[in-house]
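What follows is a short report on a single structure.
Here is the naming used below: chain letters follow the sequence lines, and residue numbers restart at 1 for every chain. On a predicted model such as this, the values are computed, not experimentally measured, just so you know.
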Protein chains: 2
Amino acid sequence: MTVETVSRTDAGLASELRLSVMRLRRRLAVERHPDNPLSLSQMTVLGTLHRHGEMTLGDLATHERVQPPSMSRTVGCLEADGYLRRRPSESDGRVQLVSLTEAGRDTLLADRRRRDAWLAQRLADLDPEERAVLRAAAPLLDRLAALD
Amino acid sequence: MTVETVSRTDAGLASELRLSVMRLRRRLAVERHPDNPLSLSQMTVLGTLHRHGEMTLGDLATHERVQPPSMSRTVGCLEADGYLRRRPSESDGRVQLVSLTEAGRDTLLADRRRRDAWLAQRLADLDPEERAVLRAAAPLLDRLAALD
DNA sequence: TATTGTTATACTCTATAACTATA
DNA sequence: TATAGTTATAGAGTATAACAATA
């Protein structure tokens with residue numbers, strides 16, 4: 001088996017996919033709209049809160065596959081800048097419930113439009129069948145990333 | 001249109017794909033085999049050199065979508081640890097040609113086997129049709145990430 | 001004792017700006 | 001002058017360890 005054909009086998013799929021995922025992630029980080037003050041990770045947190053509604057900090061960390069201290073820091077910055085709010089749970093004083101503010105929601109939706117301008121333009125260069133492949137692939141990537 | 005259905009539209013595909021790519025990349029970073037001393041980015045460079053053969057430092061940076069100083073540092077560490085070698089081009093003294101050493105190749109292949117153990121196991125939980133989707137998706141992700 | 005979250009600290013990756021060497 | 005690469009410096013993102021508050 002040669003290096004060139006390894007990608008067609010199941011054994012090579014893992015390698016191919018990992019390289020591709022890393023490169024696109026890096027490119028996405030570069031191509032953010034310059035007037036958006038929020039980082040890629042911060043925007044992802046806003047997106048998750050928009051999708052799921054109010055969540056605990058721990059659940060947010062689990063969902064984003066980061067450790068609690070990392071999420072604590074991310075959430076701290078976003079709260080300080082007014083994109084989300086925290087409140088303690090009534091039933092369990094240890095728990096912090098996190099939710100989007102109106103500013104966070106506006107920022108998310110504006111960013112989504114801008115991001116779509118870049119990535120959707122790249123997607124427009126693909127055939128409809130190729131876009132269909134990626135639409136099918138996205139949830140599969142999430143299943144691969146799932147904790148179980 | 002609701003939040004839940006947005007992923008079925010072309011406008012929502014960009015958002016979905018970005019979130020999925022980021023989460024899988026983070027998970028891959030976590031799931032590396034603990035006895036591998038090399039980082040995700042370092043392993044990616046070894047993989048690119050294995051696939052392409054000897055390359056200039058600049059081409060390597062372009063291929064990995066990083067700036068030359070970033071690649072200069074990555075390559076410097078890998079050279080110091082014996083995973084690759086550099087030599088100046090005969091025709092142009094400014095150019096550094098980078099290639100894998102035997103140790104780099106061995107490390108790459110060993111790591112590929114280990115990585116496959118994790119990701120291939122996750123892939124094994126998918127249907128053959130779903131793996132086919134991902135096999136088709138990987139080169140499309142690279143086209144999205146391409147400089148043009 | 002166990003769980004949730006925070007603080008302290010450090011490391012990796014990446015960038016931009018300024019520089020050196022070569023063309 | 002222009003190009004290839006390096007050095008210096010800084011910032012973002014993440015981790016682990018130790019801690020505080022609550023259950």
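Nearer the 5' end of DNA chain D, as judged by each residue's closest nucleotide, is the contact made by Arg86(B), out of Arg86(B) and Asp92(A). Between Met22(A) and Thr56(A), the residue whose closest nucleotide on DNA chain C is further toward the 5' end is Thr56(A).
dA10(D) atom C1' lies 15 Å from atom CD of Gln67(B), rounded to whole Å. Atom CG in Leu97(B) sits roughly 11 Å away from atom C1' in dA4(D) (whole-Å rounding). Counting to the nearest Å, the C1' atom of dG5(D) and the CG atom of Asp59(B) are 13 Å from each other. Atoms CZ (Arg25(B)) and C1' (dG13(D)) sit 9 Å apart, rounded to a whole Å. One atom, CD of Glu64(A), and another, P of dA15(D), lie 12 Å apart when rounded to the nearest Å.
For Arg113(B), there are no salt bridge (Lys or Arg N to Asp or Glu O under 4.0 Å) partners at least two apart in sequence or on another chain. Applying the side chain to side chain contact (heavy atoms under 4.5 Å, CB included) criterion to Glu102(B), with sequence neighbours excluded, gives Arg105(B), Asp106(B). In terms of the salt bridge (Lys or Arg N to Asp or Glu O under 4.0 Å) criterion, residue partners of Glu90(A) (sequence neighbours excluded) are, by chain and number, Arg87(A). In terms of the salt bridge (Lys or Arg N to Asp or Glu O under 4.0 Å) criterion, residue partners of Glu64(A) (sequence neighbours excluded) are, by chain and number, Arg23(B), Arg26(B).
At a cut-off of 3.5 Å, with distance as the only test, a side-chain donor of Ser89(B) or Ser91(B) sits close to an acceptor on the other residue.
Nucleotides of DNA chain C lying under 4.0 Å from heavy atoms of chain B occupy a range whose first and last members, 5' to 3', are dT12(C) to dA23(C).
Cluster partners of Leu109(A) are absent, since no Ile, Leu, Val, Met, Phe, Trp or Tyr has side-chain heavy atoms less than 4.5 Å from it. With a 4.5 Å cut-off between side-chain heavy atoms of Ile, Leu, Val, Met, Phe, Trp and Tyr, the cluster of Leu97(A) takes in Val95(A).
For residues 71-85 of chain A, every residue pair satisfying the salt bridge (Lys or Arg N to Asp or Glu O under 4.0 Å) rule, not counting sequence neighbours, is listed here: Glu79(A)-Arg86(A).
Within a heavy-atom distance below 4.0 Å of DNA chain D, the residues of residues 69-79 of chain B found are Pro69(B), Ser72(B).
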